[in-house]
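Only a predicted model underlies this, so the values are computations on that prediction, with no experimental measurement involved. In the text below, chain A, chain B and the rest are named by the order of the sequence lines, each starting its count at 1.
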2 protein chains.
Amino acid sequence: MTDLDETCVNTLRFLAVDMVEQAKSGHPGLPLGAAPMAYVLWDRHLRHNPADPTWPNRDRFVLSAGHGSALLYALLHTTGYDLPMDELHRFRQWGSRTPGHPEHGHTPGVEATTGPLGQGFAMGVGLAIAERHLRSTLNREGFALVDHYTYGLVSDGDLMEGIASEAASLAGMLGLGRLIYLYDDNHISLEGPTEWAFTEDVGARFAAYGWQVLRVTDGNDLAAIDAAIRAARAETARPSLICVRTHIGFGSPVQDTREAHGEPLGPGNTRLTKEKLGWPVEPAFLVPEDAAAHLRLALGRGAAEQAEWDSMRVRFSASDPSAAAAATIQLSGEYPANWAAALPTFHAADGAMATRDASQKALAALTPILPGLVGGAADLSPSTKTVLPKVPDYSASVGAGRNFHFGVREHAMVSMLNGMALHGGLLPYGGTFLVFSDYARGAIRLAALQQTHVVFVFTHDSIGMGEDGPTHQPVEQLVSLRAIPGLTVLRPADANETSAAWALAVRRRGPTALILTRQKLPILEAAIRPAEEGAARGGYVLADPSNGTPEVVLIATGSEVALALDAQARLAAQGLRTRVVSLPSWEIFEEQTSEYRASVLPPGLPKISIEAGRTIGWERYVGPTGASIGLDKFGASAPGPVVQREMGFTVDHVLEVVQRVRAPRNVGPTP
Amino acid sequence: MTDLDETCVNTLRFLAVDMVEQAKSGHPGLPLGAAPMAYVLWDRHLRHNPADPTWPNRDRFVLSAGHGSALLYALLHTTGYDLPMDELHRFRQWGSRTPGHPEHGHTPGVEATTGPLGQGFAMGVGLAIAERHLRSTLNREGFALVDHYTYGLVSDGDLMEGIASEAASLAGMLGLGRLIYLYDDNHISLEGPTEWAFTEDVGARFAAYGWQVLRVTDGNDLAAIDAAIRAARAETARPSLICVRTHIGFGSPVQDTREAHGEPLGPGNTRLTKEKLGWPVEPAFLVPEDAAAHLRLALGRGAAEQAEWDSMRVRFSASDPSAAAAATIQLSGEYPANWAAALPTFHAADGAMATRDASQKALAALTPILPGLVGGAADLSPSTKTVLPKVPDYSASVGAGRNFHFGVREHAMVSMLNGMALHGGLLPYGGTFLVFSDYARGAIRLAALQQTHVVFVFTHDSIGMGEDGPTHQPVEQLVSLRAIPGLTVLRPADANETSAAWALAVRRRGPTALILTRQKLPILEAAIRPAEEGAARGGYVLADPSNGTPEVVLIATGSEVALALDAQARLAAQGLRTRVVSLPSWEIFEEQTSEYRASVLPPGLPKISIEAGRTIGWERYVGPTGASIGLDKFGASAPGPVVQREMGFTVDHVLEVVQRVRAPRNVGPTP
């Protein structure tokens with residue numbers, strides 16, 4: 001290590017330590033141990049332009065061990081990102097750009113929101129998948145529009161999480177040679193030594209997944225780290241894991257102990273650490289001039305690299321204008337004009353159709369129009385109906401493939417979708433049974449928090465799926481997904497609402513969950529609406545009584561809308577004028593004006609919701625004089641229509657509840 | 001294979017095939033391929049007594065690949081469990097004991113509810129953990145009260161799931177030599193060949209975890225399977241994975257294709273399969289007499305084994321009455337009398353205390369009284385405060401340990417807790433941050449579905465946890481957990497309610513989630529209640545106005561109760577008489593009489609809920625004239641009190657909302 005290198009490494013170390021000290025909160029241990037590898041990577045390998053964090057062809061760096069955020073902020077600040085020193089002083093404070101864990105969209109240069117362990121690992125795999133796909137599809141001979149690496153820094157905690165195992169297995173299978181992870185192997189986790197909980201042979205495990213495994217025995221040996229990264233870059237057919245033996249809290253009195261992990265060193269130990277590593281005790285937040293100058297060379301390098309890329313792009317446009325233009329559109333996240341017109345419309349004459357099948361038809365229609373549309377399912381595509389027709393599978397040998405076999409790996413699937421979306425240029429979707437969205441919930445939450453543009457196709461959406469029984473029948477998932485801020489949940493009532501739901505999912509810029517049936521549903525001609533009406537408003541009047549203003553309102557979603565219509569007909573025969581409201585999305589309905597909402601759900605009328613899931617939250621729509629027909633227990637194994645009948649999803653039961661609601665004394669939720 | 005063996009294997013195969021045919025639904029592929037290994041295991045190794053499925057020392061068998069349920073039902077029926085042929089005919093029908101996936105508590109002999117992949121794998125690890133712990137603590141020289149194996153049948157889908165990776169890593173570290181898994185390695189998953197999604201070297205991966213890996217190259221070779229199981233049993237220091245190369249849908253025209261996985265063969269292919277394997281086409285559900293007689297030998301063997309065990313227990317009681325009696329109590333799931341009296345009571349003079357700290361004190365108090373109380377955290381015990389004092393860690397060398405280091409493996413942790421509870425004899429608990437309950441949701445759901453008696457300690461329960469930011473601050477988790485049928489969620493308001501919550505968690509026989517703060521909360525003397533009052537009723541009047549009947553009700557949970565009390569005081573100064581209701585558990589409150597509930601929440605009064613989470617569902621308590629103070633967006637990184645203040649958890653804001661609610665025109669939920 002040269003003196004300058006050492007100064008740079010210690011600059012990063014002590015910026016991080018001083019941030020944590022100032023905040024009296026944070027994680028100094030990782031920065032002290034991992035600063036050398038981060039420095040080598042950022043100084044000698046990472047191609048990026050701190051002046052333009054949106055440069056499409058930058059290398060991606062993901063700090064999967066997000067608790068080491070102070071190290072990332074030190075890197076971003078010193079290499080010239082728009083993260084001034086003042087922000088480092090305000091680490092973990094209200095309104096700062098330096099939150100406790102890195103937040104994408106909040107801080108320039110943060111590629112992914114991390115902290116929940118394993119997520120960064122899997123998102124990095126998604127980034128590398130996206131890079132290889134775009135490299136395989138957008139580039140032309142001599143014009144390497146997309147051509148970069150994905151790097152990550154991962155911790156033992158990341159590698160313990162199942163999501164990382166899932167993603168690692170897939171990354172190995174897919175041969176993602178541009179994916180390089182530095183493993184901060186410091187032998188300490190929050191509770192204590194990793195020998196208490198993590199004694200497996202990590203290298204052998206990753207070799208079993210098909211990764212190249214490299215080792216650096218001294219985490220302070222910059223040359224060895226550099227050589228390992230070079231070896232990783234030289235391996236084009238396999239992802240690489242570089243196991244770097246480090247010491248948590250390096251140089252501090254609490255080195256190699258759990259105390260270094262998640263608490264400030266305190267003034268005394270900070271002083272001792274600086275003294276031990278030959279660093280001035282004062283001032284805090286020191287960036288020596290030589291280190292500052294050296295680290296900021298990234299700006300010049302980045303500008304030159306991006307300029308070269310820009311000029312290549314000009315030549316590309318001249319050489320192959322249509323390919324270049326299409327690539328620009330795709331990378332920018334725009335769509336060809338009139339894409340929505342391709343979505344199918346269905347008619348009653350087409351016969352009943354499961355919404356999963358309608359979704360398959362919508363996907364098929366979008367396939368040729370949206371080249372960035374890619375996805376698959378967690379080993380359920382024949383059931384979730386999520387195959388893009390006439391395009392190849394993505395595999396180790398076919399980077400241009402658009403259909404993914406994610407395997408039975410729901411959690412990694414969603415996290416990888418997040419990574420693919422974060423890359424830019426792709427609109428990824430992923431499917432599984434609604435009940436197994438539970439497995440992916442950690443990643444769904446990060447989709448919502450980061451507002452990644454991804455589409456979840458969750459099928460087999462109720463007890464109506466039948467024989468597979470309560471382990472496979474969702475009950476609480478609808479309300480649980482609606483509870484996630486920033487996630488749009490859409491449960492279409494028929495094939496036409498499914499088409500509209502896909503239009504919304506493509507148009508909206510955050511995550512959307514489509515909730516679809518296994519069983520067939522009638523096609524509702526009344527659901528065919530212009531693009532800005534009907535399902536597009538989240539909820540709407542699907543059918544009003546023919547003979548005057550309604551006396552009661554039935555609100556339903558998905559498969560229960562047809563039941564509401566049947567009930568409406570029976571009630572009409574009994575002389576009761578009933579409105580049926582289809583309410584596929586709470587979130588979109590809440591975005592409408594209060595006037596519109598009141599026009600759909602008139603305050604004065606008794607209302608009954610019908611949905612084959614828990615009733616929690618429906619109170620907001622049915623109000624004090626209404627009732628909710630739902631499921632407040634688990635389902636059971638039997639043919640779908642039998643389960644529905646036995647659990648109260650019958651016209652007779654709806655009529656009973658209508659009667660009860662109209663008898664003014666007996667109000668409240670219905671079990 | 002002898003003729004009789006072959007007859008027995010084919011009996012199992014075709015019972016399963018015929019069940020699926022009769023139901024026109026199910027999975028014939030696994031039973032056709034895996035029947036030989038299941039037969040060898042059940043016929044030659046499994047120690048069980050079909051006449052008494054509750055025999056504590058039976059070997060446990062978990063069908064992790066729960067979609068192969070028909071095979072398990074065929075085994076249970078033919079070996080003499082109370083599962084008559086009529087039930088096989090009613091496979092997957094309403095009210096039958098043969099649901100689509102195995103359901104513990106529903107069908108005798110089903111040790112765990114499986115189907116969601118990976119769960120059975122991890123529950124099996126929990127069963128083996130429990131066996132070793134009880135073997136290490138309850139047995140005495142010459143008296144092997146607990147001394148059995150745990151077997152499982154796992155599929156490629158199980159092994160792809162992250163939860164299985166987590167559990168496998170721990171099982172290897174813990175050296176669970178009595179854990180033996182047969183891997184039905186059939187090269188086919190639902191979408192197609194496993195080479196599309198699962199090309200890793202499974203054996204090398206498991207060796208890296210510390211497992212013994214054995215191979216059987218022909219899944220029909222009973223002798224080889226038998227030899228492998230013997231080798232697995234002979235290895236006492238490591239769990240064993242036996243990779244058995246099988247053929248999905250063996251013998252059928254769709255053998256080795258995905259079509260064999262999840263659809264009935266159909267009458268034509270059923271006939272062809274029977275012909276191919278030399279089985280009578282008619283009658284269906286054939287159990288030849290020689291096979292019936294042979295398979296039912298399990299009854300006699302089991303009765304003899306259990307009788308031997310019973311007589312050993314008698315000798316044990318004579319030799320060491322107190323140890324034997326204590327073991328009997330523990331294995332039966334009973335507690336010593338007066339256990340609840342040990343729980344601490346706190347007083348204001350003790351100073352403010354985080355509920356996580358109060359929980360730690362409750363755990364400490366219970367440690368010496370409840371020997372079956374075991375648990376730990378997902379690498380967060382210093383934060384979740386979930387350490388049992390003065391008892392050892394559970395490790396490869398200390399089976400008697402009661403403190404577990406689960407590592408950063410939330411999902412496997414909860415699933416292993418389920419397995420430990422299913423074993424009997426233990427009351428397991430596990431801790432993590434509330435936000436990371438998301439990672440474990442698949443297993444939490446199975447806890448609720450099976451009603452395993454487990455306790456979740458979810459701390460850092462709101463934005464009040466502060467600087468770690470939105471990735472670590474729960475917002476939607478409370479309502480998401482409340483949405484799971486059969487799960488009791490308890491969010492105590494202070495240390496005394498925390499003591500009461502632990503009493504409830506121990507007393508109730510299903511899963512309970514304790515939702516606890518990181519930050520200190522004042523001790524509320526008013527929360528000290530007799531064991532059957534207060535928190536024990538789910539919700540109660542904590543503080544009424546001193547000067548007459550209340551005019552408004554503030555309902556709060558957890559840390560927001562203290563805020564409600566502060567608001568009550570300020571409102572009193574303004575002349576408004578306010579009631580404060582603490583409502584730690586919706587589920588328990590709903591169990592109370594409607595009279596009691598109305599006495600706590602009088603229908604006529606305006607009500608406001610205060611809880612630092614999403615407001616969905618609070619409508620049921622605040623009613624049409626009330627309002628909810630909550631969080632309908634993600635949190636932010638800053639010191640806890642700052643985040644709480646900025647997000648509206650202030651007395652001023654509560655007062656504003658009270659005013660708004662009392663102005664009759666402006667009602668509805670508050671953002």
Side-chain angles (χ1 to χ4, degrees), chain A residues 25 92-94 99-101 115-117 157 160-163 165-166 169 173 189-191 196-201 204-205 208-209 379-381 405 407-409 411 438-439 441-442 445 449 467-471 476 479-480 483-485 614 616-617 619-620 623-624 633-634 637-638 642 646, chain B residues 25 92-94 99-101 115-117 157 160-163 165-166 169 172-173 189-191 196-201 204-205 208-209 379-381 405 407-409 411 438-439 441-442 445 449 467-471 476 479-480 483-485 614 616-617 619-620 624 633-634 637-638 642 646:
Chain A
S25 170
R92 293 183 157 231
Q93 302 307 305
W94 184 261
H101 293 80
L117 290 167
M160 280 190 253
E161 288 284 7
I163 184 177
S165 300
E166 293 174 3
S169 179
M173 188 188 78
S189 69
L190 191 143
E191 287 188 1
W196 288 358
F198 191 51
T199 57
E200 63 176 51
D201 182 339
R205 168 157 73 105
Y209 293 140
D379 195 40
L380 283 171
S381 63
H405 297 288
V408 193
R409 304 180 179 101
H411 202 178
D438 279 357
Y439 274 49
R441 213 169 147 85
R445 185 175 210 256
L449 184 54
E467 289 90 344
D468 276 344
T471 53
E476 70 277 28
V479 64
S480 298
I484 300 177
R614 287 218 72 169
I616 295 173
E619 297 96 333
R620 65 182 53 189
K633 61 181 179 181
F634 289 111
S637 172
V642 177
E646 295 285 342
Chain B
S25 170
R92 294 184 157 227
Q93 302 308 305
W94 184 263
H101 292 81
L117 290 167
M160 282 190 251
E161 288 285 7
I163 184 177
S165 300
E166 294 174 5
S169 179
M173 188 187 79
S189 69
L190 191 143
E191 288 188 1
W196 289 357
F198 192 51
T199 58
E200 64 176 53
D201 183 339
R205 169 156 73 104
Y209 292 140
D379 195 41
L380 283 172
S381 63
H405 298 287
V408 192
R409 303 180 181 100
H411 202 178
D438 279 357
Y439 274 49
R441 214 170 147 83
R445 184 176 212 257
L449 184 54
E467 289 91 344
D468 275 344
T471 52
E476 71 277 28
V479 64
S480 299
I484 300 176
R614 287 217 72 170
I616 296 174
E619 297 97 332
R620 65 182 55 189
K633 60 182 181 182
F634 289 112
S637 172
V642 176
E646 295 286 341

### Option in A:I163, A:D468, A:D201 with maximal non-hydrogen atom pairs under 4.5 Å from chain B
A:D468
## Note on the structure
Comparing B:A204, B:P116, B:G100 against chain A, the one with the most heavy-atom pairs below 4.5 Å turns out to be B:P116
### Query
What option among B:G407, B:P470, B:G442 has the most heavy-atom pairs under 4.5 Å with chain A?
B:P470
### Task
Please report the closest heavy-atom contact between B:S189 and A:D379, naming both atoms and the distance.
OG-OD1, 2.8 Å
### Message
Tell me which of these, A:G469, A:G623, A:P99, has more heavy-atom pairs under 4.5 Å with chain B than the rest.
### Response
A:P99
### Query
What's the spacing between A:Y439 OH and B:Y439 OH if we round to 0.5 Å?
16.0 Å
#### Entry: Distance, nearest 0.5 Å, that separates CH2 of A:W196 from OG of B:S381
7.5 Å
## Note on the structure
One option among A:V642, A:L117, A:L449 has the most heavy-atom pairs under 4.5 Å with chain B, and it is A:L449
### Query
What closest approach, in Å, do A:E476 and B:A483 show between heavy atoms, and which atom pair accounts for it?
CB-O, 3.0 Å
### Task
Give the member of A:K633, A:R205, A:H411, A:R409 that has the highest number of heavy-atom pairs under 4.5 Å with chain B.
A:R409
### Query
Is the side chain of A:Q93 donor-acceptor paired with the backbone N or O of B:A638 at a distance under 3.5 Å, no angle test?
no
### Query
A:S637 versus B:H101: any side-chain heavy-atom pair under 4.5 Å?
no
### Task
Drop me the distance from B:D438's CG to A:R445's CZ, to the nearest 0.5 angstrom.
6.5 Å
### Task
Can you see which heavy atom on A:M173 is nearest to which on B:T199, and at what distance?
CG-OG1, 2.9 Å
### Query
How long is the gap from OG on B:S480 to CZ on A:R441, to the nearest 0.5 Å?
3.5 Å
### Under 4.5 Å from any heavy atom of chain B - which part of A:S169
both
### Any A:E166 side-chain heavy atom under 4.5 Å of B:E161 side chain
yes
### Query
Of all heavy-atom pairs between B:G617 and A:I616, which one has the smallest distance, and what is that distance?
CA-CG2, 3.7 Å
### Task
Quick one: do A:I484 and B:R614 satisfy side-chain contact (heavy atoms from CB on, under 4.5 Å)? Show the steps, please.
CA-CA 9 Å; A:I484 300 177; B:R614 287 217 72 170; 6.0 Å; no
### Among the listed options A:E200, A:E191, A:E646, the residue most often paired with chain B at heavy-atom distances under 4.5 Å
A:E191
